[in-house]
Amino acid sequence: MSLFSPLPVAPGHDPSDAHRAAQFTKFRLRRSDLSDDPFIQFHQWFSAPQLQSHIPETVTLSTAELPSGRVSARTVYLKELDARGFVIYSNFGTSRKAADLATNSYASLCFWWKPVERQVRVEGRVERLTPQESQVYFNTRARGSRIGAWASQQTSVLVPQSPSQPHVVRAGGEGDDDADDGRAELEARVKEVEARFDGQDEIPVPPFWGGIRIVPDTVEFWQGRESRLHDRFRYTRLEGEGATGWKTERLSP
Ligand SMILES: Cc1cc2nc3c(=O)[nH]c(=O)nc-3n(C[C@H](O)[C@H](O)[C@H](O)COP(=O)(O)O)c2cc1C
């Protein structure tokens with residue numbers, strides 16, 4: 001398929017087929033299928049055998065800066081689901097998500113699981129894990145990844161070492177393949193961190209790195225159906241006046 005061909009038509013196919021995207025026909029979702037608890041429902045869907053070779057923990061995390069309202073999204077890994085929410089790990093010093101969350105503590109997660117034709121959307125407030133909690137996960141990471149977390153000032157610009165090298169390099173421009181493009185600064189930082197923790201098995205979690213938990217106020221389960229007549233159920237947390245638990249509503253596709 002060419003990126004520049006708006007309606008790719010395979011030989012032998014009726015051109016009108018090209019307008020039609022795939023149909024979703026594998027499963028359906030009824031209210032009677034749902035758990036009362038969205039965490040249990042999520043766990044059931046996440047554990048579907050069809051997903052196990054498809055890295056189901058891959059998820060889009062969206063955040064929004066205030067007051068500009070500009071939204072940013074990136075792929076992360078869901079690492080834990082606990083009784084309160086969905087936990088991911090990242091840099092909370094220099095990354096864009098850190099800057100966004102400093103102004104607006106709401107975030108959303110969006111999972112797409114093609115083998116089962118399902119989407120899950122999570123929205124809620126973000127809370128930081130304690131350094132002690134983050135340390136527990138940090139200890140499970142390979143040494144190289146722990147060193148990398150210290151070394152990388154995530155999303156900050158890496159400046160080429162050679163003074164003759166322009167700071168901003170246009171993609172595809174003429175250039176010396178061996179000239180530093182900024183990577184040397186990262187590798188120098190890695191060497192520094194390796195030297196700092198040389199001979200030390202246990203590495204403390206960096207103060208600017210750790211877990212956040214998205215504590216949901218809504219969770220939506222979407223099951224693809226034929227003719228775009230999808231099944232959607234949204235859980236909304238019941239709050240106040242002694243109410244606990246979740247309200248579930250079927251949404252129009
Ligand atoms: C499959 C995949 C998984 C990723 N997992 C993480 C993750 O768990 N934590 C993280 O900080 N970045 C992860 N990244 C990198 C992020 O997408 C992103 O580049 C980084 O977090 C910086 O984003 P930000 O500056 O917008 O915050 C992952 C990228 C991919 C493609």
Side-chain angles (χ1 to χ4, degrees), residues 42-43 45-46 48 50-82 84-116 118-159 167-169 171 181-183 185-187 189-190 193 203-216:
F42 181 88
H43 191 261
W45 272 22
F46 187 85
Q50 299 91 328
L51 288 185
Q52 296 323 302
S53 53
H54 288 267
I55 323 181
E57 60 269 37
T58 309
V59 59
T60 301
L61 166 71
S62 300
T63 51
E65 183 204 55
L66 289 176
S68 71
R70 289 182 77 113
V71 178
S72 65
R74 77 286 294 153
T75 311
V76 293
Y77 287 131
L78 175 73
K79 287 291 174 185
E80 290 148 29
L81 175 65
D82 65 20
R84 286 184 53 72
F86 297 76
V87 175
I88 67 126
Y89 289 88
S90 189
N91 173 301
F92 293 102
T94 50
S95 67
R96 173 86 182 269
K97 69 182 88 57
D100 288 356
L101 289 169
T103 66
N104 174 6
S105 61
Y106 285 100
S108 81
L109 297 172
C110 187
F111 297 84
W112 163 233
W113 294 321
K114 186 167 187 282
V116 287
R118 289 172 179 163
Q119 172 182 248
V120 179
R121 296 164 62 178
V122 175
E123 291 176 25
R125 233 180 229 289
V126 167
E127 57 187 32
R128 272 294 287 273
L129 265 57
T130 64
Q132 292 76 15
E133 288 171 313
S134 295
Q135 184 74 55
V136 172
Y137 168 69
F138 195 67
N139 292 345
T140 69
R141 289 167 56 107
R143 185 177 179 84
S145 303
R146 285 179 282 155
I147 299 281
W150 274 101
S152 170
Q153 297 178 338
Q154 193 177 58
T155 307
S156 60
V157 172
L158 290 162
V159 180
H167 185 155
V168 178
V169 184
D181 59 8
R183 178 98 194 166
E185 185 184 330
L186 175 65
E187 288 174 1
R189 283 182 191 282
V190 169
V193 176
I203 300 178
V205 64
F208 52 82
W209 196 97
I212 55 169
R213 181 186 291 111
I214 295 107
V215 180

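Every number for a ligand or one of its atoms is a count from 1 in the order of the listing.
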Considering residues, nucleotides and ligands other than Tyr106, do more than 12 of their heavy atoms fall under 6.0 Å from its OH? no
Nearest 0.5 Å please: distance from the CZ atom of Arg96 over to the CG atom of Leu101. 11.0 Å
Going by atom types alone, do Asp100 and Ser72 pair a side-chain donor with an acceptor below 3.5 Å? yes
All side-chain hydrogen bond (donor to acceptor under 3.5 Å, both in side chains) counterparts of Gln50, not counting sequence neighbours: none
Going by atom type alone, with no hydrogens or angles, which donor-acceptor pairs under 3.5 Å involve a side-chain atom of residues 53-60 and a protein atom two or more places apart or on another chain?
residue	atom	partner	partner atom	Å
Thr58	OG1	Ile55	O	3.0

Residues pairing under salt bridge (charged side-chain N to carboxylate O under 4.0 Å, His left out) where one sits in residues 132-156, two or more places apart or in two chains, turn out to be Glu133-Arg213
Can you name the residues that come within less than 4.0 Å of ligand 1, going by heavy atoms only? Arg74, Thr75, Val76, Tyr77, Tyr89, Ser90, Ser95, Arg96, Lys97, Gln154, Thr155
